[in-house]
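Convention: sequence-line order gives letters A, B, ...; per-chain numbering from 1. The shown structure was predicted, so the numbers you read here are calculated from the model rather than taken from an experiment.
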2 protein chains.
Amino acid sequence: MDAKQGQTEMAGGARRRSEAIREALEDGIITGAISPGAHLDETELAERYGASRTPVREALQQLAAAGLIEIRPRRGAIVPQPDPHAILDMFETMAELEASCARLAARRLTAEDRAAITEAHARCSTADALDPDTYYHRNEDFHLAIYRASHNRFLEEQATALLRRLRPYRRLQLRLPNRIASSLTEHDALKDALLANDAERAATLARDHVQVQGSGFGDFMALLRAAAR
Amino acid sequence: MDAKQGQTEMAGGARRRSEAIREALEDGIITGAISPGAHLDETELAERYGASRTPVREALQQLAAAGLIEIRPRRGAIVPQPDPHAILDMFETMAELEASCARLAARRLTAEDRAAITEAHARCSTADALDPDTYYHRNEDFHLAIYRASHNRFLEEQATALLRRLRPYRRLQLRLPNRIASSLTEHDALKDALLANDAERAATLARDHVQVQGSGFGDFMALLRAAAR
DNA sequence: ATCGGACATCTTGTATACAAGAAAGCGCTT
DNA sequence: AAGCGCTTTCTTGTATACAAGATGTCCGAT
């Protein structure tokens, strides 16, 4: 990846350079284009994005504060390679946040929420089960619709941020055999509970849907190991 | 507050200046020494902390990424004056996170957890009910013990971060008449549910304990209004 | 008195230079 | 060959200077 490509990554609008660089780096980390374990060299990044070190450093400060990278004083920034325990902790927390969103959503559904959730579910159903990427995007839209339907802006933001952070691993999950089919079934039950205003049932279904548990646990761990190679 | 005081605030250890400035500012915001609505002038802060603008800017980037301040491009950083709706959203999310911590803790208690929670509760009980500040600190220790007992490091960090962010408002709550007494009663029931490994009951008690609801709602809103003057 | 435009001032965003600490390399001794 | 100490190089942390945008002030026209 050369300097011109970096500058293309952050094209668009009269934004601060530091902000554009932060977004480009965040995307690279979340999509895996920047590998876990990678050292982020300020001078190299400055060249790549056609800027001085200053906005690069500011971008790195922001990423560190958001927990996406680690800055070791005087030794530079790295993209951490989370150990499987940390990933599981994050998934468990994601499950809890999704359960909270579902419980609140089930009690607060507006007509717009109902329509949005129903449509998002329908779009998941029509995605080709052999195409995990399309399913992945529509699956995410379904989840986002539930966060929004909680009508708690702060909770929505927290859940969305963690969803973004877990993207690489959530993509992995969809590669397991039959995972898309079972995901769809779970979505269906969850949609029904939401539309029926059954808060506790929605919370339980949402938590179980996201939680890495049972036979999926070993499969997921195996995928993590394979992805780390 | 003059320049010498700023430098005293960040004394201690061979840390990066930007880190020390961030911590000092964060504390100022959380304790209310830096008022909501305040404009954070880089040049003034640099003078105050005896540094150049560069580490000040880096500290501000971190604070913005953590959601404690807002940076408006080319117009500077302010400490936002959250509207009451945003505060309530944060409290509701806090209640959900505390419910999650309590549920997981009730299922995972070690002997150390039991001792820590029991002791923290006992210390709350011996605090002078006429001294909200002492009670406030011990109350917080009780909550932190529960987060730790969840044995989910990520969830513990998220809950702790939000607890810190809500400190000004949680302090306000303890000034309501009889709030300390009712808080103690609720802690007692929560401790019992935890020690009895009753996950669902613990979750419900924890959520209700933190949630701003019922007759406490109007009282809390009145306190917010008074505090904004 | 009010409004609009021009200019000055202030503050932020970024580039560049210098200082400081960490890591790597090299040579010598055991 | 391994270990240690010294020197060099590299990278990060910070200070300073310059550029750019926002805000405030002043003056003239109506």
Measure OH/A/Tyr49 against P/C/dG13 and give the value in whole Å, please. 20 Å
Side chain to side chain, A/Leu155 and A/Tyr147, heavy atoms closer than 4.5 Å: no
Between CD1 of A/Ile71 and P of C/dG21 the distance, given in whole Å, is 18 Å
Please give, in whole Å, the distance from C/dT12 C1' to B/Leu60 CG? 11 Å
Please give, in whole Å, the distance from C/dT12 P to B/Glu70 CD? 15 Å
Presence of salt bridge, B/Arg22 and B/Glu58, under 4.0 angstrom: no
Please determine whether side chain to side chain contact (heavy atoms under 4.5 Å, CB included) holds for the pair A/Leu25 and A/Val56, giving the CA-CA distance in whole Å, both sets of side-chain angles, and the decisive distance to 0.1 Å. CA-CA 10 Å; A/Leu25 287 176; A/Val56 168; 5.6 Å; no
A/Arg72 CZ to D/dG13 C1': how many Å, rounded? 15 Å
Examine D/dA15: is either OP1 or OP2 under 4.0 Å from a nitrogen or oxygen in the side chain of B/Arg17? Give yes or no. yes
Starting from C1' on D/dT14, measure out to CD on B/Glu19 and report it in whole angstrom. 15 Å
Take atom CZ of A/Arg57 and atom C1' of C/dA15, then tell me their distance rounded to the nearest Å. 14 Å
What is the ring orientation for B/His209 with B/His143, classed by angle as parallel under 30°, tilted 30 to 60°, or perpendicular over 60°? parallel
With a 4.0 Å cut-off, would you call A/Glu140 and A/Arg170 a salt bridge? no
Do any side-chain nitrogens or oxygens of A/His39 fall under 4.0 Å of OP1 or OP2 in C/dA22? no
Integer-rounded Å distance: C/dA15 C1' and A/Arg16 CZ: 16 Å
Side chain of B/Pro55 only, please: which of D/dA15, D/dT11, C/dA15 is the nearest? D/dA15
Once rounded to the nearest 0.5 Å, what's the spacing between atom CG of B/Leu190 and atom CD of B/Glu98? 8.5 Å
Reading nucleotides 16-22 of chain D from the 5' end, what letters show protein touch, with B for base, S for backbone sugar-phosphate only, - for no heavy atom under 4.0 Å? BB---SS
For B/Leu40, which contact category applies under a 4.0 Å heavy-atom criterion: base, sugar-phosphate, or nothing? sugar-phosphate
Would you indicate whether B/His85, at its atom NE2, is surrounded by more than 12 heavy atoms from other residues, nucleotides or ligands within a distance under 6.0 Å? no
Which of these nucleotides, C/dT14, D/dT14, D/dA15, is closest to any side-chain atom of B/Ser18? D/dT14
